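Encoded as structure tokens, the structure appears first; notes follow it.
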Amino acid sequence: MAYQHIKLPETGEKVRVVDNKLQVPDQPILGFIEGDGIGPDITNACLRVWDAAVAKAYGERRKVHWAELYLGEKAAGIYDGDYFPAETLEAIQDLMVAIKGPLTTPVGGGFRSLNVSLRQTLDLYACVRPVKYYQGVPSPLRKPEEIDVVIFRENTEDVYAGLEYQSGTEENKKLAKFLREEMGAEFFQDAGLGIKPISEFGSKRLVRKAIEFAIEKQRDSVTLVHKGNIMKFTEGAFRQWGYEVAAQEYGEHTITEDEVWEKHDGKAPAGKIVIKDRIADIMFQLMQLRPGEFDVLATMNLNGDYLSDALAAEVGGIGIAPGANFADHIGVFEATHGTAPKYAGQDKVNPSSLLFSGAMMFDYIGWTEVGRLIENAFEKVVGQQVVTYDFARMLDNATTVSTSGFADHLIDAINQS
């Protein structure tokens, strides 16, 4: 495939899907998007660490051939103001696996979120965010080591579908008139209006992915997180559809929490994944008081966004929280934080969110040794209290290093392992 500005490496092979399974060569071409703001600082640091971990794990047998792709401000400078060039989307679909730094999203006006647009255009319907504690990281909890959950957040529906109508516009007036006169709805005049679609199709494929992950990774439970006591026909329906897909498609692997108590005196049979549900606001409390009771969480878009950031704060903050967005086969891994423009170019910030998203990426392509080398090196370096400024201000007697300096220490730890 010929591209206008993207240059694929002359060496390496593309990842393919064969018989519905990802086929990864030993010399894959993987895409990366530098990102805006602090994106170049953290991306360049992480590329060095990832390459070092691959070399340590496999020697010359395996190597990633990186292809730079463009979104955001850098894309606008290359594609005559286009922040979202079509050929980048084509390249992601062609390469199957890519990782990106943070992208600019204006609040209020301006263009729509590039992250949301990317997810919807490529139908990256599952946002997956693991949250676990690494030894030595400062945490506000007394026992942060009890936290080890993976959040599956539906990515394409809910209020993030972008079906909003600004107060005062003709579209808003038309919708308001219909709701009041045809549907009997009551709400204040001149209200901004939004529509919250939650579908059976979208809900079931998200829960399906969460259950399959739990089966593959031998996790104990999948919890459906919702506000179905209030939004009965959207979030309540998500809960219902979640239970349905578990019973109808994965009955040999799953059991409901009610069945565990009614038939097994509260103890799940060996090999069974417990399907349970919790109201969203209670879930925030439970993840602080009894986090060890939860394993995989499946939820809708807005709940998942809130939960991901809140849980990340319990284990060190969003600066070290990894994430990825999946279609059936395409995986786009990402830094989960913003662009932090005031720190851009200062070689200062913590690269660990993108770093661990890379570890997720290597797990996804089956190179699991790479992720473990990165995690072990991280714990070793942080355990020595060699950290970037964000952790240094929460630790006594820490050694503060730059973004690139932190990468140097990680590479040393990987090479010495």
Side-chain angles (χ1 to χ4, degrees), residues 123-131 148-161 196-287 289-308 310-311 326-328:
D123 196 26
L124 302 172
Y125 61 85
C127 177
V128 180
R129 294 194 178 179
V131 183
D148 185 2
V149 299
V150 181
I151 302 168
F152 279 72
R153 164 190 169 194
E154 203 290 321
N155 238 352
T156 63
E157 298 191 306
D158 203 355
V159 292
Y160 285 66
K196 176 189 176 77
I198 303 290
S199 71
E200 180 177 4
F201 173 77
S203 299
K204 284 190 171 181
R205 69 175 178 174
L206 184 278
V207 175
R208 189 176 293 121
K209 211 167 189 68
I211 293 174
E212 288 176 354
F213 173 86
I215 294 170
E216 179 186 351
K217 302 299 183 182
Q218 298 183 326
R219 294 278 185 153
D220 293 331
S221 67
V222 174
T223 303
L224 309 171
V225 183
H226 60 91
K227 192 64 178 171
N229 57 329
I230 303 299
M231 291 170 276
K232 299 182 184 298
F233 305 125
T234 52
E235 304 215 4
F238 173 88
R239 172 188 178 275
Q240 175 188 335
W241 291 324
Y243 276 116
E244 285 178 4
V245 76
Q248 295 169 5
E249 300 181 28
Y250 302 97
E252 62 180 301
H253 297 285
T254 65
I255 185 171
T256 68
E257 189 175 32
D258 287 345
E259 289 173 324
V260 169
W261 285 103
E262 292 169 2
K263 300 178 182 179
H264 302 280
D265 197 26
K267 185 176 181 180
K272 287 285 189 178
I273 296 166
V274 180
I275 307 297
K276 46 192 174 182
D277 73 275
R278 295 292 184 272
I279 301 296
D281 46 330
I282 299 301
M283 195 69 211
F284 283 88
Q285 176 177 246
L286 292 173
M287 285 306 302
L289 301 179
R290 303 202 300 271
E293 295 180 7
F294 301 96
D295 209 340
V296 176
L297 310 180
T299 189
M300 289 140 293
N301 215 330
L302 185 60
N303 291 337
D305 199 356
Y306 291 156
L307 273 169
S308 298
L311 269 58
F326 295 103
D328 287 338

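Quick caveat: nothing in here was measured; it's all calculated off a predicted structure. Throughout, residue positions are numbered sequentially from 1 according to the sequence presented. All values below come from the heavy atoms of this structure, side chains included, with hydrogens, waters and symmetry mates left out.
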**Request:** Flag the pair V207 / W241 as yes when at least one side-chain heavy-atom distance between them is below 4.5 Å, and no otherwise.
**Result:** no
**Message:** What's the separation between atom CD1 in I275 and atom OH in Y243, rounded to the nearest 0.5 Å?
**Reply:** 8.0 Å
**Message:** Does any part of the side chain of M283, heavy atoms only, come nearer than 4.5 Å to the side chain of M287, both counted from C-beta?
**Reply:** yes
**Request:** Decide side-chain contact (heavy atoms from CB on, under 4.5 Å) for T156 and D123; before the verdict, give the C-alpha distance in whole Å, the side-chain angles of both, and the deciding distance to 0.1 Å.
**Result:** CA-CA 7 Å; T156 63; D123 196 26; 3.9 Å; yes
**Request:** List the steps and the verdict of side-chain contact (heavy atoms from CB on, under 4.5 Å) for N303 and D158.
**Result:** CA-CA 10 Å; N303 291 337; D158 203 355; 5.8 Å; no
**Item:** Side-chain heavy-atom pair L307, V131 within 4.5 angstrom cut-off
**Value:** no
**Prompt:** With side chains defined as the heavy atoms from C-beta onward, is the minimum distance between Y160 and D305 less than 4.5 Å?
**Reply:** yes
**Request:** Find out whether the Lys NZ or Arg CZ of R278 is both under 6.0 angstrom from the six-membered ring centre of F294 and within 45° of the ring's axis.
**Result:** no
**Message:** Can you give me the closest heavy-atom contact between A327 and L124, atom names plus distance?
**Reply:** N-CD2, 3.6 Å
**Asked** Is there a side-chain contact between L302 and K196 (heavy atoms, below 4.5 Å)?
**Response** no
**Prompt:** Hey, does the side chain of T254 reach the backbone of A246 with a donor-acceptor pair shorter than 3.5 angstrom?
**Reply:** yes
**Prompt:** Taking atom types as modelled, is there a side-chain donor on Y125 or E157 under 3.5 Å from an acceptor on the other?
**Reply:** no
**Request:** Could you grab the distance from atom CZ of R205 to atom CZ of R208, nearest 0.5 Å is fine?
**Result:** 9.5 Å
**Complete:** Between W261 and G266, the two heavy atoms sitting closest are CE3-CA, 3.4 Å
**Message:** If I compare all heavy atoms of A268 with all of V274, which pair ends up nearest, and what's the gap?
**Reply:** CB-CG2, 3.5 Å
**Asked** Quick one: does R153's side chain have a donor or acceptor within less than 3.5 Å of a partner on M300's backbone?
**Response** no
**Prompt:** After noting the C-alpha distance and the side-chain angles of V128 and V150, does the key distance pass the side-chain contact (heavy atoms from CB on, under 4.5 Å) rule?
**Reply:** CA-CA 7 Å; V128 180; V150 181; 3.6 Å; yes
**Asked** Nearest heavy-atom pair of V296 and A214: which atoms, and what distance?
**Response** CG2-CB, 4.3 Å
**Fill in**
In short, E259 meets I255 closest at the heavy-atom pair OE1-CG1, 3.3 Å
**Prompt:** Hey, does H226 have a side-chain heavy atom less than 4.5 Å from the side chain of T299?
**Reply:** no
**Request:** Report, as yes or no, whether the 6.0 Å neighbourhood of atom CZ on F213 holds more than 12 heavy atoms from other residues, nucleotides or ligands.
**Result:** yes
**Message:** Rounded to the nearest 0.5 Å, what separates atom CD in E212 from atom NZ in K217?
**Reply:** 13.0 Å
**Request:** Examine distances only and state if a side-chain atom of K272 and a backbone atom of E252 form a donor-acceptor pair shorter than 3.5 Å.
**Result:** yes
**Prompt:** Can you tell me how far CG of L224 sits from CD of E235, rounded to the nearest 0.5 angstrom?
**Reply:** 12.0 Å
**Item:** P291 vs V149 side-chain heavy atoms within contact, under 4.5 Å
**Value:** no
**Asked** When rounded to the nearest 0.5 angstrom, what is the spacing between CG in L286 and CD1 in I279?
**Response** 11.0 Å
**Prompt:** Heavy-atom distance under 4.5 Å between the side chains of F326 and N155, does that happen here?
**Reply:** no
**Fill in**
Between S203 and F238, the two heavy atoms sitting closest are OG-CD1, 3.4 Å
**Asked** In terms of side-chain geometry, is the basic nitrogen of K276 or D295 positioned less than 4.0 Å from the acidic oxygen of its partner?
**Response** no
**Prompt:** What is the distance from atom CG of L206 to atom CD1 of I211, rounded to the nearest 0.5 Å?
**Reply:** 10.0 Å
